> 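Following this message is one structure expressed as structure tokens.
Scope of the values below: all heavy atoms of this structure, side chains included, with no hydrogens, waters or symmetry mates. This one's a predicted model, so the numbers in the text were calculated from it and none came from an experiment. We name chains A, B, ... by the order of the sequence lines, and we start the count at 1 in each one.
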Number of protein chains: 4
Amino acid sequence: MNNAILIEHFLATRKQSIALSSPLEIEDFGLQAAAFSSPPKWHLAHTSWFFETFILKPFGNDFQVLNPQYEVLFNSYYNGIGEQFPRPHRGLLSRPTVEEVFAYRDHIDNAMVDLLSDTSHPEWVAIASRCRLGIEHEKQHQELFLTDIKYSLSMNPLYPAYHDEAPTSTSEAVDLNWITFEAGLVNIGIDALGIGEKEECFSFDNESPKHQVYVNRFAIANRLVTNAEYQAFIADGGYQRPELWLADGWTAIQTQCWEKPLYWIDRDGEELVFTLSGLRPRNPQDAVCHLSGYEAHAYALWAGARLPTEAEWEYAAQSPGEALIQLYDTCWQWTSSAYGPYPGFEPAEGAIGEYNGKFMCNQSVLRGGSSASASQHLRPTYRNFFYPQERWQFSGIRLAKYL
Amino acid sequence: MNNAILIEHFLATRKQSIALSSPLEIEDFGLQAAAFSSPPKWHLAHTSWFFETFILKPFGNDFQVLNPQYEVLFNSYYNGIGEQFPRPHRGLLSRPTVEEVFAYRDHIDNAMVDLLSDTSHPEWVAIASRCRLGIEHEKQHQELFLTDIKYSLSMNPLYPAYHDEAPTSTSEAVDLNWITFEAGLVNIGIDALGIGEKEECFSFDNESPKHQVYVNRFAIANRLVTNAEYQAFIADGGYQRPELWLADGWTAIQTQCWEKPLYWIDRDGEELVFTLSGLRPRNPQDAVCHLSGYEAHAYALWAGARLPTEAEWEYAAQSPGEALIQLYDTCWQWTSSAYGPYPGFEPAEGAIGEYNGKFMCNQSVLRGGSSASASQHLRPTYRNFFYPQERWQFSGIRLAKYL
Amino acid sequence: MNNAILIEHFLATRKQSIALSSPLEIEDFGLQAAAFSSPPKWHLAHTSWFFETFILKPFGNDFQVLNPQYEVLFNSYYNGIGEQFPRPHRGLLSRPTVEEVFAYRDHIDNAMVDLLSDTSHPEWVAIASRCRLGIEHEKQHQELFLTDIKYSLSMNPLYPAYHDEAPTSTSEAVDLNWITFEAGLVNIGIDALGIGEKEECFSFDNESPKHQVYVNRFAIANRLVTNAEYQAFIADGGYQRPELWLADGWTAIQTQCWEKPLYWIDRDGEELVFTLSGLRPRNPQDAVCHLSGYEAHAYALWAGARLPTEAEWEYAAQSPGEALIQLYDTCWQWTSSAYGPYPGFEPAEGAIGEYNGKFMCNQSVLRGGSSASASQHLRPTYRNFFYPQERWQFSGIRLAKYL
Amino acid sequence: MNNAILIEHFLATRKQSIALSSPLEIEDFGLQAAAFSSPPKWHLAHTSWFFETFILKPFGNDFQVLNPQYEVLFNSYYNGIGEQFPRPHRGLLSRPTVEEVFAYRDHIDNAMVDLLSDTSHPEWVAIASRCRLGIEHEKQHQELFLTDIKYSLSMNPLYPAYHDEAPTSTSEAVDLNWITFEAGLVNIGIDALGIGEKEECFSFDNESPKHQVYVNRFAIANRLVTNAEYQAFIADGGYQRPELWLADGWTAIQTQCWEKPLYWIDRDGEELVFTLSGLRPRNPQDAVCHLSGYEAHAYALWAGARLPTEAEWEYAAQSPGEALIQLYDTCWQWTSSAYGPYPGFEPAEGAIGEYNGKFMCNQSVLRGGSSASASQHLRPTYRNFFYPQERWQFSGIRLAKYL
């Protein structure tokens, strides 16, 4: 990747974050409805902090820090960098103001463009490589920006819309078909390439190394489970039948009083769903979304199926000619795989090594992508991961079964 | 009170709330750092809700409700009115925006002035009486506005100042003197008067009825305890000596890890205090402030004294010629009295009866007033009340003892 | 009090504790169902610890400590003595065994009798005085022994009976009458006398000093509220009407899901109540028992009355010729008074001063006595105190009102 | 397996549970120090309940239920059977007494022997098969009996010994060697056989079906990590270095204040460890034990190694001629594998299907066995599983690495 393309990619990504915040009122920028979510303003600042911390501070020429306290305020979880402002309190940071955060972004953008333009910099390869990572990092936060603001706005009984675009809806679901794969050793994951080797091949460290996995014969559904299908599970007493649930899932639905997906609202006989476009009628043909991994598991059991492993999912997604739809553009798909290291996985040296590796415990892998994902960000080997009790992501179900 | 004076008083009070919010950034209006505090915007809306709910809805002519959902959103704790938006989540209401809340205030102000101007209204006496209550209610919220925003801003490591006025400071504390009172039956409280009977005599229902209390011979301090005196208590191991503490107080300081007043910050050898004007050097001669009732009790015991009862405090404050200072303008003063009903106390009929009566349990009475109190709002019979573990009010110590 | 009588009183009290434990299985001795209650075995050990700590260790001649670790294990809350084994974990002390605790009791009894017999001891007055306190302390724990084991056994779906005595029951409640008292200054409390001055006059420090209180004209009910009357309150929606409840009480009944007194069990159409004699039919004429202070308050409001102040209660109980029944033998009676120090109250020097004084915050006074109280333990000036949310004591309602 | 052998095996196992309880005092039988552990008495009752519920009730001829309430009291987690007495409150069941529980065991034993003797029973194969499961189930509870009583006794500052046997200790640890395995497809798991097919081959459903896994080249340590080696990790600041920890592990050690293994006690310069034989000097050569999965992971990272996957562990343990020691007799060995279903796993029909399957989420696999495991209970394919934060099992570390 030459530096002009990299700068263009960098600026386009940075601009996209600003575009995402344009529908918001200033009052919305500080909203944080739960410890697991972050305010819009914080996402805008933290993504800048990432470039500052991992590129501009170590490699910048005469880089001027705008405010030394931002190092702590906008550090997400990098213990190697130092202390962090407590995550559950991010919503209490009314200052810096929105305007000041935008100024911080400009400051970082200018410094980054300067640095990226300096191709004679002795560390240019490291800079470019980390910049590439920072870009993908920002794209991840663009999706979190949307999931988090959706969650925060949903707490308000006025149900404000994030924007006024009409939600895309499926007029008619395609038939559910099972696509069959034979048993065998398959290649999973990807070997990370250095900057310049092959630009289109960015991948995160958790997708490496490429390795072999033996999969048994299996079938996977061509499409995602719909609202109508999930409604049938509810109507059949799905949430009252312990035999369908993992033990921790059963505990979760009891203590949380869950009896339907997050954002489903039944009011005065109307079946509604809260969306980024506000409260809307629920379309039975749309893919069911905002489920926990527990609900996905229970539904699959009820339907006489199971969730795919991540290897099965990736193998299917890599297979040419298969009629799989809704892979990347609808909802993330829960797998039955716990998030762990691939054989031979090595996290990067230093604080940046905390990016992925330290989360490889207690979380489940989701594959694919969602309507909130940044375009050109996804690929068959991409591994998303969340705790099985989490529902605020755009997460749904693709079924699998043994044959 | 004639209606022109009432209207003037109403408008001046409403204007004062707006004035208090003028130093804020829009981002600050939604801050809520704890369930016991409320966002600035919420105070502005709730005080309007009070006039709407208790005057305009029952008595208004053709009153138009701006948004029917505000009834729930801005109800503080009146179960008689109906459901309330959960208190700990008030900070999640990014909408209505600040601008919309200001418009709501204007709407209420206009309707109120119209109604108050209609002196031929068959319920004018009730309207005027409730308006008087609404005005005092708003003055109470003006103090809470300041205590709450102070608390919220203190969570931010940037320690933003609420305004840039220099804090008032005491150059030299006067000598501590003990003022003696003889034993006897004294009158406590005040009999509420109706509107028009005697305008200057507004009082809350919890100050009634006037009744007799037998007090023993006692002495009370002419002034409040200073930062320097409280520092001596700390230096003497005050926070490590269980014999000085109430059992619940000892538990509180262990579990909260308290070892100094709220807002005292010792950093790099500097003794600082967070104020509405930001982080400032701590003046040893200033009255110590932001203490829990437990700390006030422990300090008093350490000093060989005790806290006054509320009857002693009121009796002293009513006594002409006594050289008591810092009664109303510095810090509220914890008493040893639990907050309860006076003999013969009767709360008002209906939801408005929830104003004071239902809190008469588990709280302690504070007397006097503070630098954050609205002027012309206070009097010797005024009873403020908070839980003994609360510290975010401007609360300090006036000592008493038996003789 | 001469030493023979004191020894007799001491031994009778110690024997009574053993008698209380005779119906128990060994398995019952370790039961602790909540942090606020203690296992039977712990009560037996702690009351011995009290004599050991406050008499035998400071004054004993050649007193041999049986196990030095008991100092920590059986210290309830005396910070002045040192560390305490965590209260919520008392049920985890399977050792010392019941047999070992009985041996500990014997060891203490023998040493105490030796010491009390030594009338030439230079500290005999202090010893006798503290022994008197230790006896009353043990009587208090005898009541707690019963309330705690009742609570623990109630957790078992088998509803085991503590003993097989038939519960005493009221065949017919007497009519409710109001007894009137005129306003005036009354004497409240008692001045503590030293040992030997007047033996029958033991009192706790919190009952001193005797002082004057002005009471308004009032009436008090001749008897306690019955199950049938309380059932009428429930039937009238008492638990669903927020206007009847203190704010903290309303929160308590919501979060605890209370809708009837503790130990009322309605099963298969039967109205039952759990008693020390197991599960029994509920007698409508019995006094309602095991209520929180919040429920007592709400009932009183619903009944058009209120709870008495502790001064009113004591004044009425002291008045000769008044037809008050159920004063000491049925249920403790919640008052509207917060537990606080009487004017001029001074706790004892040293750790023993923690007996009462440090609890004078957040608790409510109960007056009278209950069917579980030790005989000869009670008097008009006796002040019991519990948090208003507590229900596991034998606590009921005597109404009062202004006139 | 013929029925005489089965009866013998059944009775020997039942007798062994009684033998385990012989060192206990009656007071110990009710101890429950945490929700995750159970009282000794409960284990004795629940294992009987298992035979009653899954064999005697469905298949018994004229089986008489001793107490119908035991169905709820001693149900561990089988939602398919019905309600369960709340797990955290098992320690509150002082009744049935120990004697009554022993009588319950006798009742079940007699009924089981009768039933097993009836070889003409039409369901004899199902009975024998479930009896076999019940025997293994009871052996699992025998280990839990020991881990739970150890945990409960450790809460007592007297540190009572469970028994007076001297603990086995390693005089000198063997050298740490790495045993190498080549990459390839390996067989993992076992296909369950029916009763009679091959008696010695009992396995749990979670070990099936046998399937192929591709493993990369790896090396595994011949022995477990020792106390001395773990001490070096601590001395090197292991608990203060976030880069060594999984994110959830770092949170765990912060919130739990862990800085050494459970049961390590450093007191007055002595390095001690709590054992079933009471408090003992810590032997540096013994395998380190009672670690969470987080600590095992952090240690491995610090040591430049990692935890084995369960497939690697099983493959190594199955390999003839390899010099692996401490496989089954010392501590369970944490693996890096999350507990999940093998490809094609099918839980049994009905409530007994809840035995294993519903726990396949959020837990980690441990392999091997411990000094507390029942003899003849273990095998290379056995899968134990606990939450990574749990430390009260006999759990240690065997290192692995890639080559």
> Tell me, do A:Asn79 and D:Trp250 make a side-chain contact under 4.5 Å, heavy atoms counted?
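Yes. Closest side-chain heavy atoms under 4.5 Å.
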
> Quick one: what part of D:Gln212 sits under 4.5 Å from any heavy atom of chain A, side chain, backbone, both or neither?
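The answer is both parts of D:Gln212.
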
> In terms of heavy-atom contacts, does CD of A:Gln256 have more than 12 from other residues, nucleotides or ligands at under 6.0 Å?
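Yes, because the 6.0 Å sphere around CD of A:Gln256 holds more than 12 heavy atoms from other groups.
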
> Just verifying a value: how many Å separate D:His297 NE2 and A:Cys361 SG, rounded to the nearest 0.5 Å?
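One gets 8.0 Å once the value is rounded to the nearest 0.5 Å.
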
> Between A:Pro388 and chain D, with a heavy-atom cut-off of 4.5 Å, which part of the residue counts as in contact: side chain, backbone, both or neither?
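For A:Pro388, the contact with chain D is made by the side chain alone.
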
> Is A:Tyr387 close to chain D through its backbone or its side chain, or both, or neither, when contacts mean heavy atoms under 4.5 Å?
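Contact with chain D: side chain only.
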
> Can you check whether anything in residues 350-358 of chain D gets within less than 4.5 Å of chain A, heavy-atom wise, and list it by number?
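Answer by number: D:Gly357, D:Lys358.
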
> Which region of A:Tyr294, side chain (C-beta onward) or backbone (N, CA, C, O), has a non-hydrogen atom less than 4.5 Å from a non-hydrogen atom of chain D, or is it both or neither?
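When you check distances to chain D, only side chain atoms of A:Tyr294 fall under 4.5 Å.
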
> For A:Gly344 versus D:Tyr402, what's the shortest heavy-atom pair and its separation?
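Looks like N-CE1, 3.0 Å.
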
> In terms of heavy-atom pairs under 4.5 Å with chain D, which of A:Val213, A:Leu246, A:Val215 leads?
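Most heavy-atom pairs under 4.5 Å with chain D: A:Leu246.
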
> In sequence, state the C-alpha distance, the side-chain angles, and the governing distance for A:Tyr214 and D:Leu185, and then conclude on side-chain contact (heavy atoms from CB on, under 4.5 Å).
CA-CA 8 Å; A:Tyr214 186 84; D:Leu185 271 176; 3.7 Å; yes

> Taking CD in A:Gln254 as the centre, count heavy atoms belonging to other residues, nucleotides or ligands within less than 6.0 Å. Is the count above 12?
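Enclosed: over 12 neighbouring heavy atoms sit under 6.0 Å from CD of A:Gln254.
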
> Taking atom types as modelled, is there a side-chain donor on A:Asn362 or D:Asp248 under 3.5 Å from an acceptor on the other?
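A:Asn362 vs D:Asp248: donor-acceptor pair found between side chains.
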
> Who passes ring pair (Phe, Tyr, Trp, His ring centres under 6.0 Å) against A:Phe54, sequence neighbours left out?
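For A:Phe54, the residues satisfying ring pair (Phe, Tyr, Trp, His ring centres under 6.0 Å) (neighbours in sequence not counted) are A:Trp49, A:Phe50, A:Tyr78.
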
> Among the options D:Ser336, D:Pro341, D:Ala247, pick out the one with the most heavy-atom pairs lying under 4.5 Å from chain A.
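With the most close heavy-atom pairs to chain A, the winner is D:Ala247.
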
